[in-house]
Amino acid sequence: MMMMPSEIAKVKDAIYAWLRWRLVCCNRVAGGGDLCVIIAADGLWSCARTRQRGRRTMVVIKGKTVALVGSSGSGKSTAIALLQRFYDANSGIVRIDGVGIKGLQLKWLRGQMGLVSQDHALFGTSIKENIKFGKLNATLDEVMTAAIAANAHDFIRQLPEGYETKVGERGALLSGGQKQRISIARAIIKNPVILLLDEATSALDSESEAIVQSSLEQASVGRTTLVVAHKLSTVRNADVIAVMSAGRVIEMGSHDDLIDKPNGHYANLANLQNQLSNSEQDQHHNESRFSSAARSSGGRMSNVSSSFLGTPLLGDPELDAISYPPPSFTRLLGLNAPEWKQGLIGGFSAMASGFITPIYALTIGGMISDFFMTNHGEMRDAIRSKCLIFTSLAVIAMIMSPLQHFNFAYMGEHLTKRVRIKMLEKVLTFEPAWFDDEKNNSGALCGRLSNEAALVKSLVADRVSLLVQTISAVVLAVILGLVVAWKLAVVMIAVQPLTILCFYGRKVILSSVNTKFVRAQNISTQIAIEAVYNHRIVTSFGSVKKVLELFDDAQNEPRKEGDKKAWLAGIGIGSAQCITYMCWALDFWYGGKLVTENKITGAQVFKTFFILVSTGKVIGEAGSMTSDLAKGATAVASVFSILDRQSLICSPENGTELQKMSGGIELKGVDFAYPGRPDNLILCQLRLEVKPGASIGLVGNSGCGKSTVISLIQRFYDADKGTVKVDGVNIKSLDIGWYRRQMALVGQEPVLYSGSIRDNITFGKLDASETDIVEAAKAANAHDFISSLKDGYQTECGERGVQLSGGQKQRIAIARAIIRKPTILLLDEATSALDVHSEQIVQEALDRIMVGRTTVVVAHRLNTIKNLDSIAFLANGKVLERGTFAHLKSKRGAFYNLAKLHDT
């Protein structure tokens, strides 16, 4: 009997209701066992078990939206990772459409899913190509449609290059909200069956969040959707909300069901969030949503030139090779001055090694003539003496060669270490605009630190060793040749420069080719770095083939340069050998002529020939090292270009250190545009004053200049016009190191380093005691979760804190700032990654530490700034409105509209 669609829907709803009832029963009787997660994509379900206390069930019906909420570290993002099969459950099975995902083709499985994570994970190419990662064969119309759905089209089209605008390394040239909208467009264009949203709107302002949330809800229609969120307002329309805690589902139901549950966990979370938000809940949307303020799209677009990744992808013209001034050999030796004893020992050993070759040549030339003696006794005595000489030379070589190479290698390794430290120290002093340049991305800089610094030793250790050995051998060979047969020696010496010139020309050619080769190799290195860093996005979107194509295309230029290098090297070596053999022919012809004229003997011919040919051999060996020396010369020039560069943001010679900083901040008539786009003003005649010890919040749409103000206060950039003053003193006159030690920053993207949690907190105060560390962690609401970890404060964070959740990383970053006890506290979306409960506790801690400190807070969540002394609303690079929270709401201006939108 055929069932009507309405009847089918009723049956599905009944099954769904039964499963929810079964969940309630499980919750009542749970007393041990495994976690049970049911993911039903088509009326069927699957079960995954992990070793956790209690038994809970989560149901996802086909086409339904399920939201995962709970505190940071409760397992929300882990559930998504299991579904994508980034990890496998310790026991049990996960099924989709009744099929265990372990039995599904992995690439096909991930191809059915679209992911938007809290880590934006953009690639250093154009905006268009970043969106097309979701659908590699997408047309421009499809790209634009996805961008419109993600509320990204407006800011993209206002950029000079539109969709071809480069986003920079990992999207560094875009604001947080802009990056998030592009990543949402990348997921939408994929048109996935299963949509995974892990804090998809966390970096958006209120207006963008409302529009994008509406777009995401539309995109979720007809798709199975899993949403991870801290902000409950973004999940209230979800079909099912699952509350997680300690890896378990402790509640499950719709918003209406859970909000009315007495003493329920979700109800408590909602009440807590309502207390933090504005008490006035306005149900009306204001049609005039300060649309002009939403159009500021400058953001962090400080450089629109091609990134390394974009070059091979879009076929940009080849950039000019990097050129540097030739290195100073004397300066290099100066860097090795502490190892002068090893230099002397190595030099004397190299000289002795150089003498061995001409003495050997003289001896073997004499031995040949000895074989023509008629008296066998004299012949035996002469040959015996020559054998003793050879034995002595062998012993000397066995002693001198290790001494030579050990001492020069010792010098080289210490020089490499010294240069790397100096390079890193210098790089860390450069202004952020320098890093915006495509030549200075992380791939190129890591290459310089690891490879070029190591090649420096070839120009000191290897070069000095080679020069001393070669010069000593040549000088002795010339002297001996002139003594034995000066006429033949003069001719042979005269043709030696031809061989030398050939090898020198080869060295010059290789040097120029090597410069281009290094530049080309950096492109492919950068692609590999970004692919590894964003490996989850690459695998989620099935873009491995695309990345490999990019990497393969990037290898074309190094391969061409390598082919050219091989041809030129081959021609150089062939020419040198050809000239060498021609010189030998000339030597024997002229020597035979002199013997015929009875001017010299045959023995003298052989002695002179072997002596001076040994010179050619030494020169040939030196020539074989010209490629290494060419690389070393290029590397040294590149290294010195960094060591000699002076940062554009630096202290004057006698930088001022105030006796005591009170923290008053004043920005007066400030105009600012990022160096990469001087015509696009981010700030225009900005005037902003913060009294000592006062707090101010900066609000406005993404890209309006909020984070730029923070950067100017820290003096990461200098204003084009106007002044930035602290305590009435222009910050340009202050000692920059001392000045920055008076402030602390907590950014919207927490930056952690490989190392322990303790190490990361003590970055704020290197001499901090254990008590200081624990107090700072407690103030940041981090102590409890740190103590629960197996290794406590010694727990390794992993690369960029990958072992921790987003909220955990943010709390450690806050603790790092708290332990610094700064005069000026800068908070750029400091609580954006925290759940509601943690946000409340951390906000209370921040409120406590803000007392008596000048504090500048950048925020999208208005509840985090309602208690500040004043709030400045930024639009179009200016302060549009300023006042207290209550005052600005009573004015019913732009801030009032923002607050209404936020409340709604």
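- Residues Val858 and Val709 have side chains not in contact (no heavy-atom distance under 4.5 Å, counting atoms from C-beta outward).
- The nearest pair of heavy atoms linking Val690 to Ala694 is CG1-O, 3.8 Å.
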Discussion item. Quick one, Ile812 with Leu752, criterion side-chain contact (heavy atoms from CB on, under 4.5 Å). Give me CA distance, side-chain angles, the key distance, then yes/no.
Written reply: CA-CA 8 Å; Ile812 292 174; Leu752 298 188; 3.8 Å; yes
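- Contacts classified as salt bridge (Lys or Arg N to Asp or Glu O under 4.0 Å) and involving residues 680-704 (residues at least two apart or in different chains) are given here: Glu689-Lys691.
- Here the closest heavy-atom approach between residue Asp869 and residue Ser695 is recorded as OD2-N, 2.9 Å.
- One distance of note links OG1 of Thr855 with CG of Leu868; it measures 8.0 Å at 0.5 Å rounding.
- Formation of a donor-acceptor pair under 3.5 Å by the Thr854 side chain with backbone atoms of Pro692 is not found in this model.
- Put simply, the side chain of Leu698 does not reach to within 4.5 Å of the side chain of Val879, judged on heavy atoms.
- Residues forming a side-chain contact (heavy atoms from CB on, under 4.5 Å) with Gln714 (at least two apart in sequence, or on another chain): Ile710, Phe716, Met743, Leu745, Leu826.
- Between Val699 and Leu874, every side-chain heavy-atom pair lies at or beyond the 4.5 Å cut-off.
- Within the 4.5 Å cutoff, no side-chain heavy atoms of Glu657 are placed close to those of Tyr739.
- Side-chain atoms of Gln646 and Phe430, non-hydrogen and from C-beta on, never get closer than 4.5 Å to each other.
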All N/O donor-acceptor pairs, side-chain side in residues 725-732, below 3.5 Å, sequence neighbours left out:
unit_1	atom_1	unit_2	atom_2	d
Asp727	OD1	Ser662	OG	2.8
Asp727	OD1	Gly663	N	3.0
Asp727	OD1	Gly664	N	2.9
Asp727	OD2	Ser662	N	2.8
Asp727	OD2	Ser662	OG	3.3
Asn730	OD1	Lys732	N	3.0

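- Under the 3.5 Å distance criterion, with hydrogens and angles disregarded, a donor-acceptor pair is assigned to the side chains of Tyr674 and Thr708.
- Listed by chain and residue number, Ala817, Arg820, Pro822, Leu825 satisfy the side-chain contact (heavy atoms from CB on, under 4.5 Å) test with Ala744 (two or more places apart in sequence, or in another chain).
- Of the inter-residue distances, the one linking Arg741 atom CZ with Met661 atom CE reads 11.0 Å to the nearest 0.5 angstrom.
- Among all heavy-atom pairs drawn from Phe672 and Ala719, the shortest one is CD1-CA, 4.3 Å.
- Once rounded to the nearest 0.5 Å, the distance linking CG of Asp784 with NZ of Lys778 reads 8.5 Å.
- When all heavy atoms are compared, the tightest approach of Gly700 to Phe873 is CA-CE1, 4.3 Å.
- Of the inter-residue distances, the one linking Ile188 atom CD1 with Ile131 atom CD1 reads 9.5 Å to the nearest 0.5 angstrom.
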Practice prompt. Please step through side-chain contact (heavy atoms from CB on, under 4.5 Å) for the pair Phe885 and Asn867, ending with a clear verdict.
Written response: CA-CA 7 Å; Phe885 188 89; Asn867 296 324; over 6 Å; no
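- Remark: the backbone N or O of Lys765 is not paired with any side-chain donor or acceptor of Thr762 at under 3.5 angstrom.
- Asn130 contributes a side-chain N or O that, together with a main-chain N or O of Ser126, makes up a donor-acceptor pair within less than 3.5 Å.
- Applying the salt bridge (Lys or Arg N to Asp or Glu O under 4.0 Å) test to residues at least two apart or on different chains, the pairs with a partner in residues 707-720 are Arg715-Asp718.
- Using a 4.5 Å heavy-atom threshold, the side chains of Thr656 and Asp735 count as separate.
- Here the side chain of Asp671 pairs a donor or acceptor atom with the backbone of Gln685 at under 3.5 angstrom.
- Rounding to the nearest 0.5 angstrom, the gap separating the CD1 atom in Ile773 from the CG atom in Asn760 is 11.0 Å.
- No side-chain heavy atom of Leu683 sits less than 4.5 Å from a side-chain heavy atom of Lys878.
- Two residues are said to be in side-chain contact when any heavy atoms from C-beta on lie closer than 4.5 Å; Ile871 and Thr884 fail this criterion.
- Closest approach of Ala780 to Ala815, counting heavy atoms only: CB-N, 3.6 Å.
- Taking Ala859 as the reference, Val857, Thr864, Ile865 meet the side-chain contact (heavy atoms from CB on, under 4.5 Å) condition, with sequence neighbours excluded.
- Separating the CZ atom in Arg157 from the CD1 atom in Ile127 is a distance of 13.5 Å, to the nearest 0.5 Å.
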Worksheet item: Going through the distances and angles, do Ile736 and Thr429 end up as a side-chain contact (heavy atoms from CB on, under 4.5 Å)?
Response: CA-CA 10 Å; Ile736 196 166; Thr429 66; over 6 Å; no
Worksheet item: Hey, mind stepping through Ile696 and Arg882 against side-chain contact (heavy atoms from CB on, under 4.5 Å) and telling me if it holds?
Response: CA-CA 10 Å; Ile696 185 171; Arg882 181 172 179 179; 3.6 Å; yes
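- For Ile818 against Ala779, the heavy-atom pair with the smallest separation is CD1-CB, 3.8 Å.
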